[in-house]
Structure formats: structure tokens, C-alpha cells
Amino acid sequence: MALSLIEKGDAYYCDCRREDVEERNKASQRTKQGYDGYCRERNLEKSPTTVLRYKVPAEGATTVHDLVRGEVVVANENIDDFVLLKANDAPLFVLANVVDDIDMKISHVLRAEEHLPNTPKAVLLFNSFGEVAPYFAHVPVLVNEKRQKLSKRRDRVAVEDFKDKGFLPEAMINYLALLGWSPKDNREFMTLDEMTREFAIEDVGHSPSFFDEKKMEHFNGVYIRALSDDDFVELLIPFLEKADWWQGSAENRAKLLDLASITKERVSLLGQAPDLLMPIFAPKVTVEEALFEKEVAPHAELLSQVATLCENLAEFDAASIEATLRDLSTTSEIPLRKLQSPIRIATTGAKAGLPLFELWQHAGRTVIIERLTSSAKNAEK
RNA sequence: GGCCCCAUCGUCUAGCGGUCUAGGACAUCACCCUCUCACGGUGAAGACACGGGUUCGAACCCCGUUGGGGCUGCCA
């Protein structure tokens, strides 16, 4: 197919090496750096050292009809005679692209903005082949915090990584769709169905967008909270299985279902949930030394007091636990918010986490009492 | 260097000549709710890059400047 261009006078063979061209450009003080057209009229025959070049018209201009950018006009004098076929007859990207597109009767070419500078060449080729060029649409690229085009090498953008962190596909799609595009009413949360229905290529923006993982995480949190408890648990299991303390028993799954609603609203990534659940399912919790000394040790007496209270409870459920602790708060005149801190740290190892009463209920009375009393003992040392 | 693209809060955006004292969302801060944290609620701070035009009137149109990105291979 490419050879037909020679007959039409749209292509010619060239044996210039890169260095030759550079030297000539230097010598002639040419401002342009590319190929200088040295072999255009030499009528070289094909040989193992010749490439086939496209003969770009000296005059005129080439127009790319771009659905997002409008008409992009480039003067032909600014387009170098580009290589079509390598010396070994292998076709180059533009050529391969164009014949492929013709072959497959492609109507629209959607690709990143970075390809725009080369598409006049493609348009030239379509014309030479007697074809009407397809519609092009060059969408803006995504950039990193330094405003550089996102690259696989430099930036961590593998979808697998996001999946491993606990991003939901739906949330990610929703967020990504909003980079460079927004629906007419400027709303943010939409289903794939709504997006495909309302999307129009003409509406996409012209400037690059920063890929803001923080905002995507917020989207993810909203999607997670919208999940049913069952679905949430289902999606959570693979993340729990990475923890050595997790036992996938039916009993534990039932607990998980109970805890789903209070867990959902505390995570924006599924990967954050195991840390929250750990004090319930792990046999032991560790309290950081400095934290223990500062926040727990001074309240050793309270710890054993609460342990005794727990022991005497008829039912060890959230409501009962709450009732006794509120009583204790009243009689001891320590606000509940103050009172819960040392016992939370002693039984979970963290200053913040799931609501304490539910957490205790699901961890179980013996476990909690054990953690309370051993902490009290440690504090006295 | 040459060529191409782009330019509204820190970020993603709405805006397509008058309705803009520029709207929303994320992030930030404050307050409220509250057993911690979160969720939720209320509020605050925060932008039309600059300079010329055009026009009765410019964030919106034109030109230039500056800034950013991209392309510039016998890579894809």
C-alpha cells in the first residue's frame, strides 16, 4: 500500500543518516531541526540502506478536525518529510495506524493530547490514500503534582495498586470520569449508566487535570457507605485474610455483619478496615510503651474497677456496658469522654477507633477483662 | 531551538457578553452533634495569570506577554 505512494509522487527513498542531516542543518544555519528534504528529488532506488519517506507538500496547510479542540491547522512547511518504512521494510507508527484505521473503517479516533502534533501527518496520509480522515478527539492528559504527564515509570498509577488499597471500581470510574468532564448540572455522583448516557466528547475540557488521590478517596468513602452490610462484608474479607489474626469462621462473619455499619462510616478505603477490627478479632493487642505510660498507667485503679464491673454484668452487651460506664461516670464525676480514654487504649492499643461498647461486646467479656486486668498489673510495676 | 496544545480558589470544576459582590466538590480551619474517631450539619478562608484591544458592557471574543505541558526517532 505504501508503495502506491511512490507512483503518485507522494513518497521517495532516502539514504540519509541522522548524523548527515544534523550536519547539514548545522552548516546551513537552519532554524528547524528535522529532516531537510535532501533526497526529495534524487529518485533513489530501494536498497537495504534506504527508508521510504513521505513527501510533504511544500505549500499549503493541513487541518485536523478535532472534536475537542476544533480545527488545528499546521503549515505544511512545518511538517518534516517523515519516514514511512524502515530500511528493513517495517512500517512506522503513523503509517501502520493509518492503514489499520482505513482497514477497519474507523470513524473516530480518541486518544491523548500527546498525539496531536503527529496527526497532521496522519491526515496527509489519509488524503494520499484517497480516504477521508476520521474524526479525531484529543483528550487532555492526566498530570502529577509537578504538572507532568502521568507516566507508568515515574508515577504509581497501576490500577492493581488502587485495588489493593481498597478502592472500589465504581468509585474510581466515577472520579476519573470527572477529570476533564462534568455533566450539565455539575453533579458529582453518577452511575456508569448515567455517565455513558450524558457524556459527550465535545464537552471535555482542554487542559490537563491533576489526578487527586485524596479526592478519589473521598468518593470511595461515599461508595463504601452506600454499600449494603452484606456487600461490605463480602468485599472486606479479602483484606482481612491478609492479617494473620483473622479466622474466617461463620461466627466471625456474623460478628462482621453486626459491625458493618459502624465500620463502613469510618473508612474511605477497604484497606483501612482491618486496623479498626483488629482489637476485636486478634487474640492480643499491643500498647505502645510511651502511650501506655502517659495515658493508661496513671489510671490503674480505674482499670481494675471497670474489670470488676464487667465481671458483674448480667449481659455483656453494648447497652449494658454503656449503662454501667455511664453510672461510673456519674458517681466518679469523671466525664465519659475522659473515662473511656484509658480503658480504650488498654483494650485496643489505640486512642481512637470503633465505638467502645460495641467493640467490647464483640471482642467478648473474657478478652476485655483480661486486657483490663493485665494492664492494671503492668501499671503497678 | 522549531512546531502544537493549554491557562477560573491549593486541587477537580460551573460559567459559553449583562443574572458574577464568580457557584459546587475535595483538602484546610472553626463551631455543632457525640463514649474516642468518623459520619452528618453549619460557617470561614480561598480563584478569573498579566497587558492591550473589541463592546454601552468582558471570566467569557481578538492580539500580545508570561507561565505550564506536549511533540520534535529507521519508538509506539
Side-chain angles (χ1 to χ4, degrees), chain A residues 14-18 21 25 30-35 49-53 64 66 68-70 72-75 77-80 82-94 96-97 112-121 138 140-143 145-149 175-189 203 205-219 221-222 224-225 261-268 272 276 318 321-322 325-326 329 335-345 348 350-360:
Chain A
C14 167
D15 64 356
C16 296
R17 293 173 308 160
R18 210 193 203 311
V21 178
N25 282 341
R30 227 163 72 102
T31 52
K32 290 167 192 159
Q33 293 298 300
Y35 183 68
T49 57
T50 56
V51 297
L52 188 68
R53 280 187 190 275
V64 178
D66 193 290
V68 347
R69 283 155 216 284
V72 179
V73 184
V74 180
E77 59 175 319
N78 288 326
I79 307 173
D80 293 335
F82 53 98
V83 175
L84 262 16
L85 256 27
K86 300 203 246 182
N88 66 4
D89 280 350
L92 253 55
F93 188 65
V94 240
N97 245 238
E113 186 187 10
E114 50 191 310
H115 291 283
L116 186 54
N118 282 319
T119 96
K121 294 174 185 172
H138 289 92
V141 293
L142 258 30
V143 297
E145 56 289 329
K146 288 160 78 180
R147 295 256 125 205
Q148 295 165 312
K149 181 178 72 165
Y175 170 71
L176 254 16
L178 262 19
L179 293 180
W181 176 80
S182 61
K184 286 272 177 277
D185 59 3
N186 208 20
R187 104 195 90 114
E188 296 206 299
F189 294 99
D203 294 337
H206 296 183
S207 49
S209 304
F210 170 65
F211 177 74
D212 187 355
E213 196 175 322
K214 267 272 172 292
K215 181 157 182 174
M216 182 163 79
E217 198 176 308
H218 173 258
F219 270 59
V222 173
I224 285 178
R225 271 169 257 133
S261 68
I262 59 173
T263 307
K264 270 193 296 194
E265 68 183 16
R266 285 173 174 75
V267 298
S268 50
Q272 294 166 345
L276 246 28
I321 297 166
E322 175 166 8
L325 287 182
R326 281 194 189 280
S329 166
L336 194 53
R337 47 178 300 115
K338 284 265 188 196
L339 190 149
Q340 61 95 37
S341 179
I343 60 181
R344 168 184 293 279
I345 294 169
T348 70
K351 293 172 82 167
L354 293 177
L356 202 57
F357 317 133
E358 282 91 337
L359 191 154
W360 279 15

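Treat the numbers as computed from the prediction; the structure is a model and nothing was measured. Hydrogens, waters and symmetry mates play no part in the numbers below; they use all other heavy atoms, side chains included. Each chain gets a letter, A, B and so on, in the order the sequences are listed, and its residues count up from 1.
- Between Ser207(A) and Leu354(A), it is Ser207(A) whose nearest contact on RNA chain B lies nearer the 5' terminus.
- Side-chain atoms of Arg266(A) come within 3.5 Å of backbone N or O of Ile262(A) as a donor-acceptor pair.
- Across all strands, Val51(A) comes closer than 4.0 Å to base atoms (heavy-atom distances).
- Residue Arg147(A) has no polar side-chain atom (N or O) positioned under 4.0 Å from OP1 or OP2 of G68(B).
- With rounding to whole Å, His138(A) atom NE2 is found 12 Å from C71(B) atom P.
- A straight line from CD of Glu114(A) to P of C5(B) spans 16 Å, rounded to a whole angstrom.
- Here C71(B) presents its P atom at 9 Å from CG of Asn118(A), a figure rounded to the nearest Å.
- Within 4.0 Å (heavy atoms only), Gly180(A) reaches sugar-phosphate atoms of the nucleic acid but no base atom.
- The CG atom of Asp66(A) sits 18 Å away from the P atom of G70(B) (whole-angstrom rounding).
- Between A38(B), G70(B), C4(B), one nucleotide has an atom nearer to the side chain of Leu116(A) than all others, and that is C4(B).
- Dashed line: the shortest gap from a side-chain N or O of His206(A) to OP1 or OP2 of C6(B) is under 4.0 Å.
- For Gln272(A) (side chain) and Ser268(A) (main-chain N/O), a donor-acceptor pair under 3.5 Å exists by modelled atom type.
- Proximity of a side-chain donor or acceptor of His138(A) to a complementary backbone N or O of Glu114(A) within less than 3.5 Å is not detected.
- Distance, Lys215(A) NZ to A25(B) P: 9 Å, rounded to whole Å.
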Next item on the list: Check the pair Phe82(A), Tyr35(A) against ring pair (Phe, Tyr, Trp, His ring centres under 6.0 Å), reporting the backbone distance first and the verdict last.
Entry: CA-CA 8 Å; Phe82(A) 53 98; Tyr35(A) 183 68; over 10 Å; no
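- The side chain of Lys149(A) lies closest to C71(B), out of C39(B), C71(B), C35(B).
- Arg69(A) comes within contact range of the sugar-phosphate backbone alone, with a heavy-atom separation under 4.0 Å but no base atom that close.
- Residue-level contact check: Phe357(A) touches the bases, meaning some heavy atom is under 4.0 Å from a base atom.
- Within 4.0 Å (heavy atoms only), Thr263(A) reaches no atom of the nucleic acid at all.
- With A76(B), C12(B), C5(B) as the choices, the nucleotide that has an atom nearest any side-chain atom of Leu92(A) turns out to be A76(B).
- Side chain of Asp15(A) to main chain of Thr50(A): no donor-acceptor pair is present (N/O by atom type, distance under 3.5 Å, no hydrogens or angles).
- For the pair Arg225(A) and G40(B), the criterion of a side-chain N or O lying under 4.0 Å from OP1 or OP2 is met.
- The side chain of Asn78(A) has C3(B) as its nearest neighbour among C3(B), C26(B), C35(B).
- Among the nucleotides C35(B), A27(B), A76(B), the one closest to the side chain of His218(A) is A27(B).
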Margin query: Run the salt bridge (Lys or Arg N to Asp or Glu O under 4.0 Å) test on Lys121(A) and Asp80(A) for me, step by step, so that the C-alpha distance in whole Å, both residues' side-chain angles and the decisive distance to 0.1 Å come before the verdict.
Written below: CA-CA 9 Å; Lys121(A) 294 174 185 172; Asp80(A) 293 335; over 6 Å; no
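- Only the C1' atoms considered, A7(B) is 15 Å distant from G64(B), to the nearest whole Å.
- Applying the 3.5 Å distance criterion, the base of U13(B) shares no donor-acceptor pair with the side chain of Arg187(A).
- For the OP1/OP2 pair of U34(B) and a distance below 4.0 Å, the side-chain nitrogens and oxygens of Arg337(A) include no atom meeting the criterion.
- No donor-acceptor pair closer than 3.5 Å links the side chain of Arg326(A) to the backbone N or O of Leu336(A).
- Of the candidate nucleotides C3(B), C12(B), G23(B), G23(B) has the atom lying nearest to any side-chain atom of Asn186(A).
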Note to self: For a salt bridge (Lys or Arg N to Asp or Glu O under 4.0 Å) check, start with the C-alpha distance between Lys214(A) and Asp212(A), then their side-chain angles and the critical distance, and finish with the verdict.
What the structure shows: CA-CA 5 Å; Lys214(A) 267 272 172 292; Asp212(A) 187 355; over 6 Å; no
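- The listed nucleotides are A76(B), C35(B), C3(B); the one nearest the side chain of His115(A) is A76(B).
- Across all strands shown, C3(B) forms a Watson-Crick or G-U wobble pair, both distances under 3.5 Å, with G70(B).
- Taking atom P on both nucleotides, A45(B) is separated from G1(B) by 43 Å, rounded to a whole Å.
- Among the protein residues, Phe210(A) comes within range of the sugar-phosphate backbone only, with heavy atoms under 4.0 Å from sugar or phosphate atoms but none that close to a base.
- Across all strands shown, U34(B) forms no Watson-Crick or G-U wobble pair with both distances under 3.5 Å.
- Between Leu336(A) and Asp15(A), the residue anchored closer to the 5' end of RNA chain B is Leu336(A), taking for each the nucleotide with the nearest heavy atom.
- Distance alone, capped at 3.5 Å, is enough to place a donor-acceptor pair between the Thr348(A) side chain and the Arg344(A) backbone.
- Taking the P atom of each, G15(B) and C61(B) are spaced 13 Å apart, rounded to whole Å.
- Ranking G70(B), G40(B), C26(B) by closeness to the Pro117(A) side chain, first place goes to G70(B).
- Using atom C1' as the reference point in both G41(B) and C4(B), the two lie 49 Å apart (nearest Å).
- Protein atom CG of Leu142(A) is 21 Å distant from nucleotide atom P of C5(B), rounded to whole Å.
- When heavy atoms are screened at a 4.0 angstrom cut-off, Gly353(A) is found touching base atoms of the nucleic acid.
- Here, G46(B) and C63(B) have their P atoms 34 Å apart, quoted to the whole Å.
- Of all nucleotides listed (A7(B), A76(B), U36(B)), U36(B) comes nearest to the side chain of Pro355(A).
- Using a 4.0 Å heavy-atom cutoff across all strands shown, Val72(A) reaches sugar-phosphate atoms only and no base atom.
- What separates CD of Glu358(A) from P of U36(B) is a distance of 13 Å, to the nearest Å.
- U42(B) and G51(B) have their P atoms separated by 38 Å, given to the nearest Å.
- Among the heavy atoms of the strands lying under 4.0 Å from Leu179(A) are primed sugar atoms or P, OP1, OP2 only; no base atom is included.
- In a base pair of the Watson-Crick type (N1 to N3 plus N6-O4 or O6-N4) or a G-U wobble (N1-O2 and O6-N3), with each distance short of 3.5 Å, C39(B) is matched with no nucleotide.
- Rounded to an integer number of Å, the gap from CD of Glu145(A) to C1' of G69(B) is 15 Å.
- Shown here, A49(B) forms a base pair with U65(B); the pair counts as Watson-Crick or G-U wobble because both key distances fall under 3.5 Å.
- Of the side-chain N and O atoms in Lys86(A), one or more sit less than 4.0 angstrom from OP1 or OP2 of C75(B).
- As rounded to the nearest Å, A76(B) and A38(B) have C1' atoms that lie 47 Å from one another.
- No donor-acceptor distance shorter than 3.5 angstrom exists from the side chain of Tyr175(A) to the backbone of Glu217(A), with no hydrogens or angles considered.
- Phosphate contact (OP1/OP2 of U13(B), side-chain N/O of Ser182(A), threshold under 4.0 Å): absent.
- Listed nucleotides: A27(B), G73(B), G70(B). Nearest to the side chain of Arg18(A): G73(B).
- Going from the C1' atom of C71(B) to that of U65(B) covers 23 Å, rounded to whole Å.
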